[in-house]
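Worksheet: the structure to be examined is printed underneath.
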Amino acid sequence: MARFELKLPKMGESVAEATITNWLKEVGDKIEADEAVLEIATDKVDSEVPSEVSGVLVEQLFGKDDLVQVGQTIAIIETEGDAPAAKTEEAAPAEVAEIEKTIEVAKDVAAAPQDFSGSDKFYSPLVKNIAKEEGISVAELENIVGSGKDGRVTKEDILKYIETRKSGVETPKAVVEAPKVAQPVAAPVQKSQQAVPVSVNGGDEIIEMDRMRKLISGYMTASIQTSAHVQSFIEVDVTNIVKWREKVKTAFEKREGEKLTFTPIMMEAVAKALKDFPGMNISVDGEYIIKKKNINLGMAAALPNGNLIVPVIKNADQLNLVGMAKAVNDLGNRAKAGKLKPDDTQGGTYTVTNVGTFGSVFGTPIINQPQVGILALGAIRKVPAVIETPEGDFIGIRQKMFLSHSYDHRVVDGALGGSFVKRVAEYLEAFDIDRDF
C-alpha cells in the first residue's frame with residue numbers, strides 16, 4: 001500500500017488560495033481516479049478537486065470553510081501498489097511528520113470554530129482563517145480598525161494587530177473584551193434572531209442564502225456604497241441587425257458549428273466604442289485612476305440556480321465576429337455547466353448585461369467594481385416609428401431596443417457617459433446588412 005498526497009491544484013495565474021466548501025468523500029470512502037473528492041471556492045467560482053489516483057481516503061487535512069493555499073496537501077489517499085506514491089514513501093518520515101503537524105493544526109482550528117454570522121461587518125476568508133488560528137474572537141475582530149475599502153479589515157491590519165498584541169502588554173484582551181461585556185449583550189442576540197428569522201404563521205419557508213448569493217449581496221451593496229451611480233438611456237434601431245442575423249444564422253452555424261445570437265454583435269460594438277472612448281476603460285483605486293491597456297469585456301450570465309456570474313472575454317477588441325461568437329458561447333455554456341475556471345472571471349475592464357433575455361425593456365445595472373461602467377441590453381421589440389426618406393416621412397415597423405448605461409460619476413461625467421453609449425448606438429445602427437461574417 002502507498003500513500004498519495006492530494007494537493008490543491010493550480011487554478012489560474014491570479015488565484016493563490018481557495019476555501020473548502022464541501023467534502024464529497026469521507027474518510028474510509030473508496031475513490032476512483034478522476035473522481036471528485038471535494039468542492040472548493042474562490043471569491044467568484046466554485047469548482048471540484050478530482051483525485052489523480054484510485055484508492056481509499058484515509059485523511060482529511062482541512063475542514064469545511066478552511067482556507068487552503070495552492071500546492072498545499074489537503075488529503076491523503078491510500079493506494080495499491082507504489083507507482084503513484086514512490087516519491088512519498090522515500091521521504092516518508094519527514095513527510096509523515098509534516099502531515100501529522102498539519103493535521104494537529106487543522107484539528108485545533110476545527111475545535112474552536114468562529115461564528116461570524118452575528119457580525120454586520122464583512123471579513124474575507126483569509127482574515128477569518130487568521131482570526132481562527134490566532135484565537136481572535138469575533139468581538140475582538142470587530143474592534144480592529146480596518147484600512148481597506150469601507151473600513152474593511154485587511155490581512156495587513158490583522159497581522160499588525162496580532163504582532164502588537166503579542167509584543168505589547170497582555171491587557172488588550174481584557175480591554176477588548178470589556179466592551180464586549182459592557183456593550184449591550186442584547187446586540188449579538190438581536191443579530192442572531194435576525195439571522196434566523198421565525199415564520200409568524202408557520203407557512204413561510206425560511207431559506208439561508210448560499211455562499212455565492214452572500215458574495216453577490218456583498219459585492220452589490222459595496223458597489224452602491226462606493227460608486228456614485230448615474231444612468232443614461234438611448235433607443236437604438238437594430239432592424240438591419242435583426243434582418244442580417246435572420247439571413248445568415250443558418251449558414252453561420254453550418255460553417256462555424258456555433259449559434260449566432262445578438263450578444264456577440266452587441267459586444268463587437270461595445271469593444272469598438274471603448275477604443276474610441278478609453279476613458280470608460282478604466283478602474284478606480286482610492287484617489288487614483290488606472291487606464292487599462294486591454295479591453296476585457298465581462299458578460300453577466302444567469303446560472304440555473306438563480307445566481308449570477310460574470311465571465312470575461314479577454315482582448316475583445318481583437319476578435320472578429322466569429323471569434324466573439326465562439327468566446328460568448330464558450331463562456332456562456334461553461335458558466336451554465338459550472339465549468340468556469342477562476343481566471344475566466346478575472347481582469348474585466350467593462351461589463352455588459354443582457355436584461356432583454358428576460359423580457360426587460362431596460363434596466364439600471366449596478367457597476368462591477370472596480371470598473372466604472374456597465375451596459376444593459378434591453379429586449380428587441382417591433383415598434384411603430386417615423387422613417388425619414390427623401391420623399392418625406394412615414395410610419396413603419398422597426399426593430400428597436402434600449403441601451404441603459406450605468407457609470408461612476410466620481411470619474412465619469414455625463415458628457416463621457418452619454419457620448420459612449422451614443423457611440424455604441426451609432427455602431428449598431430450603421431450595421432452593414434451586406435457584410436460577411
Item to check | Working for side chain to side chain contact (heavy atoms under 4.5 Å, CB included), residues Met401 and Phe262 | outcome: CA-CA 12 Å; Met401 67 182 294; Phe262 289 110; over 6 Å; no
Looking at every heavy atom in both [X] and [Y], which two are closest together, and how far apart are they?
{"X": "Tyr427", "Y": "Ala273", "result": "CE1-N, 3.9 Å"}
{"X": "Asp29", "Y": "Glu26", "result": "OD2-N, 2.8 Å"}
{"X": "Thr21", "Y": "Ala41", "result": "CG2-CB, 3.6 Å"}
{"X": "Gly71", "Y": "Lys7", "result": "O-CD, 3.6 Å"}
{"X": "Ile295", "Y": "Ala271", "result": "CD1-O, 3.8 Å"}
{"X": "Gly363", "Y": "Phe233", "result": "O-CE2, 3.6 Å"}

Can you confirm whether [X] sits close enough to [Y] that some side-chain heavy atom of one is under 4.5 Å from a side-chain heavy atom of the other?
{"X": "Ile366", "Y": "Ile374", "result": "no"}
{"X": "Ile74", "Y": "Leu61", "result": "no"}
{"X": "Lys25", "Y": "Leu38", "result": "no"}
{"X": "Val49", "Y": "Val37", "result": "no"}
{"X": "Gln371", "Y": "Ser283", "result": "no"}
{"X": "Lys160", "Y": "Ile144", "result": "no"}
{"X": "Leu377", "Y": "Leu403", "result": "yes"}
{"X": "Ile158", "Y": "Leu141", "result": "yes"}

Checklist entry - Under the criterion side-chain contact (heavy atoms from CB on, under 4.5 Å), which of Val312, Val328, Val352, Val310 is the partner of Met299? => result Val328
Item to check | Results of salt bridge (Lys or Arg N to Asp or Glu O under 4.0 Å) for Glu256 - residues two or more places apart only | outcome: Lys326
Item to check | Counterpart residues, salt bridge (Lys or Arg N to Asp or Glu O under 4.0 Å), relative to Glu429 (two or more places apart) | outcome: none
Checklist entry - Given the rule in the side chain to side chain contact (heavy atoms under 4.5 Å, CB included) test, do Leu274 and Asp317 qualify, once you have shown the distances and angles that lead to the verdict? => result CA-CA 9 Å; Leu274 285 172; Asp317 58 314; over 6 Å; no
Checklist entry - Does Asn333 have any side chain to side chain contact (heavy atoms under 4.5 Å, CB included) partners at least two apart in sequence or in another chain, and if so, which? => result Asn329
Item to check | Salt bridge flag under 4.0 Å for residues Glu246 and Lys243 | outcome: no
Checklist entry - Are the charged groups of Lys272 and Asp276 less than 4.0 angstrom apart, N to O? => result no
Let me confirm one number: the [atom1]-[atom2] distance from [X] to [Y], rounded to the nearest 0.5 Å.
{"X": "Met267", "Y": "Leu375", "atom1": "CE", "atom2": "CG", "value": "9.0 Å"}
{"X": "Thr345", "Y": "Ile309", "atom1": "OG1", "atom2": "CD1", "value": "6.0 Å"}
{"X": "Leu331", "Y": "Ile313", "atom1": "CG", "atom2": "CD1", "value": "6.0 Å"}
{"X": "Lys64", "Y": "Asp66", "atom1": "NZ", "atom2": "CG", "value": "11.5 Å"}
{"X": "Ile234", "Y": "Arg423", "atom1": "CD1", "atom2": "CZ", "value": "11.0 Å"}
{"X": "Lys422", "Y": "His405", "atom1": "NZ", "atom2": "NE2", "value": "15.0 Å"}

Next on the checklist: A quick test of your reading: do over 12 heavy atoms of other residues, nucleotides or ligands sit less than 6.0 Å from NZ of Lys214?
Outcome noted: yes
Next on the checklist: With a 6.0 Å cut-off (strictly less than), is the heavy-atom count around CD of Glu78, excluding the residue itself, greater than 12?
Outcome noted: yes
Checklist entry - Relative to the ring of Phe362, is the ring of Phe402 parallel (under 30°), tilted (30 to 60°) or perpendicular (over 60°)? => result perpendicular
Next on the checklist: Checking Phe431 now: which residues fulfil ring pair (Phe, Tyr, Trp, His ring centres under 6.0 Å) with it, not counting sequence neighbours?
Outcome noted: Trp244
Item to check | Pairwise side-chain hydrogen bond (donor to acceptor under 3.5 Å, both in side chains) hits with a residue in residues 227-238, at least two apart | outcome: Ser227-Gln369, Ser227-Asp408, Gln231-Ser406, Ser232-Tyr407, Asp237-Thr239, Asp237-Arg398
Would you say [X]'s side chain and [Y]'s backbone share a donor-acceptor pair under 3.5 angstrom?
{"X": "Asp330", "Y": "Ala327", "result": "no"}
{"X": "Asn368", "Y": "Thr351", "result": "no"}
{"X": "Ser223", "Y": "Ile367", "result": "yes"}
{"X": "Ser51", "Y": "Glu35", "result": "no"}
{"X": "Glu268", "Y": "Leu319", "result": "no"}
{"X": "Lys314", "Y": "Asn294", "result": "no"}
{"X": "Ser217", "Y": "Arg213", "result": "no"}
{"X": "Asp285", "Y": "Tyr288", "result": "no"}
{"X": "Arg3", "Y": "Ile76", "result": "no"}
{"X": "Ser54", "Y": "Ala33", "result": "yes"}

Next on the checklist: Is there a side chain to side chain donor-acceptor pair (under 3.5 Å) between Tyr161 and Glu140? Walk through the geometry before answering.
Outcome noted: CA-CA 10 Å; Tyr161 174 79; Glu140 192 175 355; 2.5 Å; yes
Next on the checklist: Set out, in order, the CA-CA distance, both residues' side-chain angles and the distance that settles side chain to side chain contact (heavy atoms under 4.5 Å, CB included) for Ile265 and Val238, then state yes or no.
Outcome noted: CA-CA 11 Å; Ile265 301 173; Val238 292; over 6 Å; no
Next on the checklist: As a quick check of understanding, evaluate side chain to side chain contact (heavy atoms under 4.5 Å, CB included) for Asp434 and Lys247, giving each step before the final call.
Outcome noted: CA-CA 10 Å; Asp434 295 320; Lys247 180 175 69 174; 4.3 Å; yes
Checklist entry - So Tyr350 and Phe420, ring-ring contact (aromatic ring centres under 6.0 Å, His included) or not? Walk me through it. => result CA-CA 12 Å; Tyr350 188 87; Phe420 170 78; 5.3 Å; yes
Checklist entry - Could you give all pairs that pass the salt bridge (charged side-chain N to carboxylate O under 4.0 Å, His left out) test and reach residues 292-309, with sequence neighbours left out? => result none
